Amino acid sequence: MTLLWDQDTNSPDTYRYALGTVERLETAPLVLRALAAAPQELLVVVGPDVDLQAVCDLAAQIRVDRPEVGVIMLRRRLDVTVMGQALRSGVREVVPADDQNALADTCRRNIELSQRLRGATGGPVHEGRVVTVFSAKGGVGKTTFSTNLGACLASTGVRVLLIDLDLGFGDVAISLQLMHERSMSDVVAMSGALDEQGLASVVTRHESGLDALCAPSEPGDVDRISGATVSEVIRVARRMYDVVLIDTPPAFTEHVLVGFDASDLLVLIATLDIPALKNLRVTLDTLDLLGNPRDSRVVVLNRSDAKVGLTHDDVVRTIKQPIAVSVPSSHSVPASVNRGVPIVLNEPKHPVSVAIRTLVDRHIRPLVNREPELATAGSRPTGAGDAPPNPPRSRREMRFLHRGGKR
């Protein structure tokens, strides 16, 4: 099966002779998401108009994460300098864009090589699922949801890592009463060389079996933590855990955007107040602009029984999306936070606990239990992927939009 990274909507027809029916993707994050969702994928072909540095960055990442996957780059004119840079980054071959026979031969040769490499490594590399909990408004219960989701999964034997990406003011550690000695700031020294042993040395174990990578104790450490470091942490964590949960700040920071790119599921929290609903609507629009698939999001309505003049139906009309789970208000929730014991563990029959388990069972556990189907030799994709409802925007464009279009 072949993934084609090309922004030209006609490219599947252009290369049909050489590639068969392909899945066309428009950005590198979408390619990585497709590879993560389908361990059977063996080949990525990159169109001739994709930026060379972007191709090299993707190939370098695939070479580390999925060494059995081949990357083939198409170019309208072959240049020794371009070929050298591409091959050094991990691109297997560079092929003339107008030579369909050469492309077909290259694909067959590389699929055979990828199959041998996959057999030598004992099959597809384990890839855990990434679930990000987000709201653009503070105080809606993101950390409470993150800790309870993690504890619920971990208590049933699922390997879970909870990453606190609210790097300046994260509350995961205090919510679980973790006496942590190391945090995300300790990962910085290992950036570029982080492995499983390194990540294991900085996580803290909760009594439920949940591992947590806590936010720095000093807010000043945030500036030292780059988006590339966060991306590296997530890549390594996926090889170690079944689920990587990400708790976030109420803002579209660089770190949050990295988490979005890697996520298989976004849990968006809403409450029954106008500011929260306005911010949720903006969030959904922004995710559309980023090219995030709509079927990878679920909306949770927290404190759904609050008598504040708004109803469940008002929320659905405002956000134009169904509510996955409604969670009632309860004084037991802040009491459980103050005790440092997730309510799903302390009061498993409480209505809040039941709602959280419903979210886990309906939307998270199916991701964990999904078994990939291995492709057979020389197989081709059976159908092209749909383009996202709106073309993805770069992060530079997103910053421009958030400033109201002012340079």
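Since the model is a prediction, treat every value here as computed from it, not as a measurement. Worth knowing before you read on, the calculation uses all heavy atoms, side chains too, and leaves out hydrogens, waters and symmetry mates.
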- [ ] Kindly give the heavy-atom pair with the smallest separation between Val94 and Leu78, and that separation in Å.
- [x] CG1-CD2, 3.8 Å
Task: Backbone N/O of Ala276 and side chain of Asn279: donor-acceptor pair under 3.5 Å - done: no
Open item on the list: Does any part of the side chain of Leu199, heavy atoms only, come nearer than 4.5 Å to the side chain of Leu213, both counted from C-beta?
Closed with: yes
Task: Sub-4.5 Å side-chain heavy-atom contact between Asn292 and Arg33 - done: yes
- [ ] Decide salt bridge (charged side-chain N to carboxylate O under 4.0 Å, His left out) for Glu41 and Arg66; before the verdict, give the C-alpha distance in whole Å, the side-chain angles of both, and the deciding distance to 0.1 Å.
- [x] CA-CA 10 Å; Glu41 300 289 6; Arg66 295 280 300 277; over 6 Å; no
Task: Ion pair Arg357/Asp361, N-O distance below 4.0 Å - done: no
Task: Charged N-O contact under 4.0 Å between Arg297 and Asp288 - done: yes
- [ ] Taking Thr318 for its side chain and Asp314 for its backbone only, find out whether a donor-acceptor pair lies under 3.5 Å.
- [x] yes
Open item on the list: For the CG atom of Asp186 and the SG atom of Cys214, what is their distance to the nearest 0.5 Å?
Closed with: 10.5 Å
Task: Heavy-atom donor-acceptor pair, Asn148 side chain to Val344 backbone, under 3.5 Å - done: yes
Open item on the list: Measuring only between side-chain heavy atoms, which start at C-beta, is Val188 closer than 4.5 Å to Ile225?
Closed with: yes
Task: Least distance between heavy atoms, Met73 atom then Ala86 atom - done: CE-CB, 3.6 Å
Task: Atom pair CD1 (Ile163) and OG1 (Thr132), whose distance is rounded to the nearest 0.5 Å - done: 8.5 Å
Task: Side-chain heavy atoms of Leu43 within contact of Ile72, under 4.5 Å - done: yes
Open item on the list: Pair Leu42, Glu68 - check side-chain contact (heavy atoms from CB on, under 4.5 Å), show working.
Closed with: CA-CA 7 Å; Leu42 295 176; Glu68 78 279 11; 4.2 Å; yes
Open item on the list: What I want to find out is whether Asp65 reaches Arg239 closely enough, with some N-O distance under 4.0 Å, to be called a salt bridge.
Closed with: yes
Task: Closest contact, heavy atoms only, Val31 versus Leu25 - done: CA-CD1, 3.7 Å
TODO: Check whether any side-chain N or O of Asn302 sits under 3.5 Å from a backbone N or O of Thr271 as a donor-acceptor pair, and report yes or no.
DONE: no
Open item on the list: Within this structure, what is the OG-CG distance for the pair Ser89 and Leu52, rounded to the nearest 0.5 Å?
Closed with: 7.5 Å
Open item on the list: Are more than 12 heavy atoms, taken from residues, nucleotides or ligands other than Arg362, located less than 6.0 Å from that residue's CZ atom?
Closed with: no
Task: Nearest non-hydrogen partners of Gly227 and Val258, listed with the distance - done: O-CG2, 3.7 Å
Task: Glu181 atom CD, over 12 foreign heavy atoms within 6.0 Å - done: no
Task: Worked verdict on Leu277 versus Leu310 for side-chain contact (heavy atoms from CB on, under 4.5 Å) - done: CA-CA 10 Å; Leu277 295 183; Leu310 293 177; 4.0 Å; yes
Open item on the list: Within the structure provided, determine whether Val341 and Ser336 are in side-chain contact (heavy-atom separation under 4.5 Å).
Closed with: no
TODO: Look at the side chain of Gln100 and the backbone N and O of Thr14, then say whether any donor-acceptor pair between them is shorter than 3.5 Å.
DONE: yes
Open item on the list: Check Asp313 with Arg317, please: is the shortest side-chain N to carboxylate O separation under 4.0 Å?
Closed with: no
Open item on the list: Quick one, Val327 with Val333, criterion side-chain contact (heavy atoms from CB on, under 4.5 Å). Give me CA distance, side-chain angles, the key distance, then yes/no.
Closed with: CA-CA 11 Å; Val327 183; Val333 175; over 6 Å; no
Task: Check: Glu232 side chain, Leu194 main-chain N or O, donor-acceptor pair, under 3.5 Å - done: yes
Task: Rounded distance (nearest 0.5 Å) linking atom OG1 of Thr143 with atom CG of Asp171 - done: 5.5 Å
- [ ] Search all heavy atoms of Ala215 against all heavy atoms of His180 and return the closest pair with its distance.
- [x] O-NE2, 4.1 Å
Task: From Ile364 atom CD1 to Cys152 atom SG, the distance as rounded to the nearest 0.5 Å - done: 8.5 Å
TODO: Mind telling me whether Phe260 and Phe252 have parallel, tilted or perpendicular rings, with 30° and 60° as the class edges?
DONE: perpendicular
Open item on the list: Using a 3.5 Å distance criterion without hydrogens, assess whether the side chain of Ser208 forms a donor-acceptor pair with backbone atoms of Ser155.
Closed with: no
- [ ] Look only at the side chain of Arg92 and the backbone of Val71, and say whether a donor-acceptor pair between them is shorter than 3.5 Å.
- [x] no
Open item on the list: In the structure I gave you, are the side-chain heavy atoms of Glu254 and Val230 within less than 4.5 Å of one another anywhere?
Closed with: no
Task: Main-chain N/O of Thr229 paired to Ser226 side chain as donor or acceptor, under 3.5 Å - done: yes
TODO: State the CZ-CG distance between Arg108 and Leu103, to the nearest 0.5 angstrom.
DONE: 9.5 Å
Task: Asp57 versus Gln61, side-chain donor and acceptor atoms under 3.5 Å - done: no
Task: Residues Lys137, Asp273; criterion side-chain contact (heavy atoms from CB on, under 4.5 Å); working and verdict - done: CA-CA 11 Å; Lys137 181 179 181 296; Asp273 59 90; 3.4 Å; yes
Task: Shortest non-hydrogen separation from Pro249 to Phe134 and the atoms involved - done: O-CE1, 3.5 Å
Task: Val45 and Tyr15, any side-chain heavy atoms less than 4.5 Å apart - done: no
Task: Lys/Arg-Asp/Glu bridge criterion (N-O < 4.0 Å) met for Asp49, Arg76 - done: yes
Task: Qualifying residue for side-chain contact (heavy atoms from CB on, under 4.5 Å) with Pro351, from Ser330, Ser329, Pro328 - done: Pro328
- [ ] Give a yes or no on whether the backbone of Asp264 and the side-chain of Ser296 come within a donor-acceptor separation of less than 3.5 Å.
- [x] no
- [ ] Indicate yes or no: at least one non-hydrogen side-chain atom of Arg365 is less than 4.5 angstrom from one of Thr156.
- [x] yes
Open item on the list: My understanding is that only one of Ile269, Val315, Val267, Ile323 makes a side-chain contact (heavy atoms from CB on, under 4.5 Å) with Val299; could you say which?
Closed with: Ile323
